Amino acid sequence: MLQSLKIELIKTKKQKPAADQLGFGNHFTDHMFIMDYSVDNGWHNSRIMPYQPIVLDPAAKVFHYGQTIFEGLKAYKTDDGRILLFRPQKNIQRMNRSNERLSVPELDVELTIDVLKQLIAVDQDWIPTAPGTSLYIRPFVIATQPALGVAPSTHYQFIIIMSPVGAYYTEGVNPVKIFVESEYVRSVKGGVGEAKTAGNYAAGLKAQEIAKEKGYSQVLWLDGVHRKYIEEVGSMNVFFKINGTVHTPMLNGSILDGVTRNSIIQLLKHWNIPIEERPITIEELYEASRKGELEEAFGTGTAAVISPIGELNWQEEKLIINGGLTGELSKKLYDTLTGIQMGKVHDPFGWMVEASIVHA
Ligand SMILES: *Cc1c(COP(=O)(O)O)cnc(C)c1O
């Protein structure tokens with residue numbers, strides 16, 4: 001597909017937002033990538049074109065049956081002008097696992113990364129450079145066949161859009177308050193909780209809205225069967241430091257296999273800090289807190305990287321963690337991971353991939 005990549009450039013460039021006006025996912029770069037799929041032709045017609053609305057038939061299957069998947073990753077510009085991607089293979093491999101679960105045709109991992117580099121090269125002026133800023137990349141696939149029969153679509157579009165995003169926190173890492181959800185559930189084993197698909201988010205909006213009204217920024221999901229095992233937070237995996245050991249829910253078929261989660265586990269192992277992946281109950285956290293053993297809690301995800309948790313509320317019982325302040329380990333993980341991503345801290349894992357390419 002790469003050989004036949006068509007590139008149509010914009011005529012007038014958009015005004016770029018100021019670094020302090022970015023927010024998250026509010027502004028989009030000048031170009032986007034699109035590729036089509038049909039059962040007869042496979043993936044074909046790959047093109048980079050000016051960012052613009054797409055036209056779909058109202059019967060397109062994505063609107064009715066939610067056959068769609070997405071990814072989220074970031075590109076960074078270093079002080080010496082290099083463009084770096086953080087573990088892009090991981091995202092594209094996960095995209096294929098989501099594709100497989102949603103009966104969407106697979107994408108070629110290496111060719112997809114090549115296309116991504118080409119798109120970034122075209123819009124490289126859009127990568128912000130202020131501390132904490134980056135270019136967020138959103139690849140996604142939608143089912144486009146206009147037909148209401150419930151069956152996998154015969155036609156798809158794979159699209160990549162990009163958004164310059166700001167520092168998630170204005171002053172380093174600040175703790176968030178999290179509401180432990182007891183009524184609604186996000187997913188169960190055997191469902192689509194492991195896939196990055198729109199429906200998981202649609203299903204969580206109601207609980208998130210209620211938590212917001214109560215003054216909590218996100219929801220911590222419990223398992224859908226026993227309603228006692230910790231799953232994950234909104235769009236983040238979670239970690240708890242109890243008595244010197246870090247604990248995180250094991251990948252159990254209903255939570256997302258986060259790239260940040262995986263990286264944090266590797267970093268902790270590298271530092272010889274004990275890390276356990278296992279089932280964790282919510283009672284256990286409250287018990288550890290009563291004994292004074294719950295030292296830190298934090299969420300991990302591409303958007304915020306590390307998000308310390310200062311308070312949990314489960315069935316109206318509040319639990320304050322580390323006095324509501326950012327813990328030492330959370331801060332160290334945030335500084336190290338963002339340092340590696342910005343090319344400022346040595347990357348012993350070979351995570352960063354140079355995206356700068358010579359553009360013909
Ligand atoms: C994307 C996502 C995460 C975080 O994954 P990263 O790869 O670290 O960004 C966690 N949970 C859910 C539900 C997600 O969609």
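All ligand and atom numbering here is 1-based and tracks the order in the structure. Please read these numbers as outputs of a predicted model, since none were measured by experiment. Only this structure's heavy atoms are used, side chains among them; waters, hydrogens and symmetry mates stay out. Numbering of residues begins at 1 and proceeds along the displayed sequence.
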Can you tell me which portion of L256 lies within the under-4.0 Å heavy-atom range of ligand 1? Options are side chain, backbone, both, or neither. side chain
Location of contacts on K74 toward ligand 1, heavy atoms closer than 4.0 Å: neither
Please identify which atoms of ligand 1 are closer than 4.0 Å to at least one heavy atom of [X].
X    : value
G258 : 5 (O), 6 (P), 7 (O), 8 (O)
E232 : 10 (C), 11 (N), 12 (C), 13 (C)
R94  : 5 (O), 6 (P), 7 (O)
G234 : 13 (C)
M236 : 10 (C), 11 (N)

Distance from [atom] to nearest protein heavy atom, with residue and atom:
atom                    : answer
atom 1 (C) of ligand 1  : K196 NZ, 1.3 Å
atom 15 (O) of ligand 1 : Y201 OH, 2.4 Å
atom 9 (O) of ligand 1  : T302 OG1, 2.6 Å
atom 8 (O) of ligand 1  : T260 OG1, 2.6 Å

For S153, is there any backbone N or O sitting under 3.5 Å from a side-chain donor or acceptor partner on Q67? yes
Can you tell me if K61 uses its side chain to pair, donor with acceptor, with the backbone of H155 under 3.5 Å? no
Any heavy atom of E71 sitting closer than 4.0 Å to ligand 1? no
Answer yes or no: are there more than 12 heavy-atom neighbours, outside K14 itself, under 6.0 Å from its atom NZ? yes
Got L220 and W314 here, is their nearest side-chain heavy-atom distance under 4.5 Å? no
State, yes or no, whether a side-chain contact exists between H247 and E277 at a heavy-atom distance under 4.5 Å. no
Candidates S235, G299, S263; heavy atom nearest atom 3 (C) of ligand 1 found on S235
Examine the side chains of [X] and [Y] and answer whether a donor and an acceptor come within less than 3.5 Å of each other.
X    : Y    : result
S163 : R138 : no
Q341 : D347 : no
D36  : Q157 : yes

Six-ring centre of W126, K13 cation under 6.0 angstrom, axis tolerance 45°: no
